[in-house]
Visitor: 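Take a look at the following structure, please.
Quick note: numbers below take in every heavy atom, side chains included, and nothing from hydrogens, waters or symmetry partners. Note on naming: letters A, B, ... go to the chains in the order of the sequence lines (proteins, then strands), and numbering restarts at 1 for each one.
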Protein chains: 2
Amino acid sequence: MSQRRADIIADALEELVFTGGFNDGDRLDEIRLARQFDVSRTPIREALQRLVASGLAEQIPRRGVFIRQPGPVELMEMFETMAEIEGVCGRLAAQRISETALQDLDAANARCTAAVEAGDTDGYYRENEQFHHVIYHQAGNGFLEQEALRLHRRLKPFRRLQLRLRGRMQQSMAEHEAIVAALRAGEAERAAEALRGHVAIQGEKFHLLMSSLRDAAE
Amino acid sequence: MSQRRADIIADALEELVFTGGFNDGDRLDEIRLARQFDVSRTPIREALQRLVASGLAEQIPRRGVFIRQPGPVELMEMFETMAEIEGVCGRLAAQRISETALQDLDAANARCTAAVEAGDTDGYYRENEQFHHVIYHQAGNGFLEQEALRLHRRLKPFRRLQLRLRGRMQQSMAEHEAIVAALRAGEAERAAEALRGHVAIQGEKFHLLMSSLRDAAE
DNA sequence: GTCAAGATTTTTGTATACAAGAAATTCCAT
DNA sequence: ATGGAATTTCTTGTATACAAAAATCTTGAC
């Protein structure tokens, strides 16, 4: 695969950004990072370019590159966009999904429920992700799938914050069931709406996310 | 702005890719490009990284970076995705669009019609683009807007091929009218469907695109 | 003490040098 | 002549060197 150090470093930096290793506005010092990864500035710079290209950082010419965590507004916009894209995937998938995939969704849901009952948050998280990935794939459009995966990945660190809400996982499971039902029935619009509603952040969810953000900032 | 040569070179290369200056699979020789742009390999390499990041080229480690033009399947997928995203923008815009923006759309359409009558293809193209950009913006979601613009831009060279079809511009104008009507009425689903249909490639449009591609390949 | 202009240091951006892996070529055995 | 191994050449990836712009510090006038 990628034997390039620049890629390895870029992956490491992305992971650091996602796991909160950086704060908004942090400058990514080339020399410090070079020492830290024990390489020259060259691969560091290429890695930073990748971060900038993926929107995780911003480059100001002759000034450096800075971490750019989305603020509340942009975060809401990203979640709304994700909800819409999931809706699109759902509508297309309703017309294209295979019987095997429907069974996969059922299986993922079963494992999800089991994880909820066992209080296994990580397990729930993993299976939930699997569930959504299957839907992206079943939209039958490789390009759309990649876009969905990209945004999904980008929102990963923030989605985690959502799960804290009391009873959220139970409600989420009920929504999963409804989604599968719509997909199985081939009802495109219903599937789209169910997925939009499932992913969208409204009402209580909105306030929860905001307060989580405040907590994380402290 | 960006005084970085790497960015200037990246822009130039992107433009070259879009205007058909490269064929699929072409290797982007660092040394040749360095001579061509009269710089060292360093800024060339950074520019190439940007092309790779935006999906215009592919990098094979230790082998180089190669132009990667989308094939028929991927192109269809990209157009379908664009249609869906436009649909989403339309649905959101129907709920959020301002009166001023509606007038802008009318104005753009009028200029579009004038261009059609004058046989001014470039003018039509420009105003058509404007029309769509207004809708992206009126979706009221900056992130979604950027994504829409990105994909729109990526498809630009291929969209041009579509216009050749006899009477296509007239039909397109009628669709524009219907879209504005739906937006003005605030009918979200109707706006979404109108935009999806307007952008989607189906029936004759599909065959036209395929034959255009074949022609361009020769 | 404050402010500003000049000097100094840092840091980015680019060029060049070097190392290592891939491709091309040569050369030999059959 | 052909196939394949060894060598050479070429290219990418990384390190280092240098130039120019920005940031910081110093110094001096008020």
Visitor: Rounding to an integer number of Å, can you tell me how far Glu30(A) CD sits from dT16(D) C1'?
Guide: 14 Å
Visitor: Counting distance alone, no hydrogens or angles: does the base of dT12(D) have a donor or acceptor under 3.5 Å from a partner atom on the side chain of Arg62(B)?
Guide: yes
Visitor: Within the structure, does a side-chain N or O atom of Arg45(A) lie under 4.0 Å from either OP1 or OP2 of dG13(C)?
Guide: yes
Visitor: Can you label the angle between the His132(B) ring and the His176(B) ring as parallel, tilted or perpendicular, going by 30° and 60°?
Guide: perpendicular
Visitor: Check the distance between dG13(D)'s C1' and Ile44(B)'s CD1 and give it to me in whole angstrom.
Guide: 16 Å
Visitor: Between C1' on dG13(D) and CD on Gln49(A), what's the gap in Å once rounded to a whole number?
Guide: 16 Å
Visitor: Counting heavy atoms from C-beta on, name the nucleotide in dT16(D), dG13(D), dT14(C) closest to the side chain of Pro61(B).
Guide: dG13(D)
Visitor: Asp7(A) has an atom CG; how far is it from atom P of dT12(D), in whole Å?
Guide: 15 Å
Visitor: Below 4.0 angstrom from OP1 or OP2 of dT12(C), is there any side-chain N or O of Arg5(B)?
Guide: no
Visitor: Side chain of Asp29(A): nearest nucleotide among dT11(C), dA17(C), dA15(C)?
Guide: dT11(C)
Visitor: Taking CZ from Arg41(A) and P from dT11(C), how many angstroms apart are they, rounded to a whole number?
Guide: 10 Å
Visitor: Quick check on DNA chain D: between Thr42(B) and Leu28(B), whose nearest nucleotide comes earlier from the 5' end?
Guide: Leu28(B)
Visitor: Choosing from dG13(C), dT14(D), dT16(C), which nucleotide comes nearest the side chain of Ser40(A)?
Guide: dT14(D)
Visitor: Mind checking Arg32(A) for me? I need base, sugar-phosphate or nothing, with any heavy atom below 4.0 Å counting as a touch.
Guide: nothing
Visitor: Think Gln59(A) has a side-chain N or O under 4.0 angstrom from the OP1 or OP2 of dG13(C)?
Guide: yes
Visitor: Which of these, Ile9(B), Leu13(B), Val39(B), sits in a side chain to side chain contact (heavy atoms under 4.5 Å, CB included) with Leu33(B)?
Guide: Leu13(B)
Visitor: Under 4.0 Å, counting only non-hydrogen atoms across every strand here, what does Glu46(B) touch: a base, just sugar-phosphate, or nothing?
Guide: nothing
Visitor: Just the rounded figure in Å: distance from P of dT14(C) to CG of Leu48(A).
Guide: 15 Å
Visitor: Tell me: CZ of Arg35(A) to C1' of dT14(D), nearest whole Å?
Guide: 18 Å
Visitor: Do Arg45(A) and Gln49(A) have side-chain N/O donor and acceptor atoms under 3.5 Å apart?
Guide: no
Visitor: Check every strand shown and say whether Arg63(B) touches a base, only sugar-phosphate, or nothing at a heavy-atom separation below 4.0 Å.
Guide: sugar-phosphate
Visitor: Between dA22(C) atom C1' and Ile31(B) atom CD1, what is the distance in whole Å?
Guide: 14 Å
Visitor: Dump the intermediate steps for side-chain hydrogen bond (donor to acceptor under 3.5 Å, both in side chains) on Tyr136(A) and Gln146(A), then the final yes or no.
Guide: CA-CA 8 Å; Tyr136(A) 302 159; Gln146(A) 290 308 313; over 6 Å; no
Visitor: Please test Glu14(A) against Arg153(A) for salt bridge (charged side-chain N to carboxylate O under 4.0 Å, His left out), starting from the C-alpha separation and ending with a verdict.
Guide: CA-CA 11 Å; Glu14(A) 277 184 18; Arg153(A) 185 166 138 68; 2.6 Å; yes
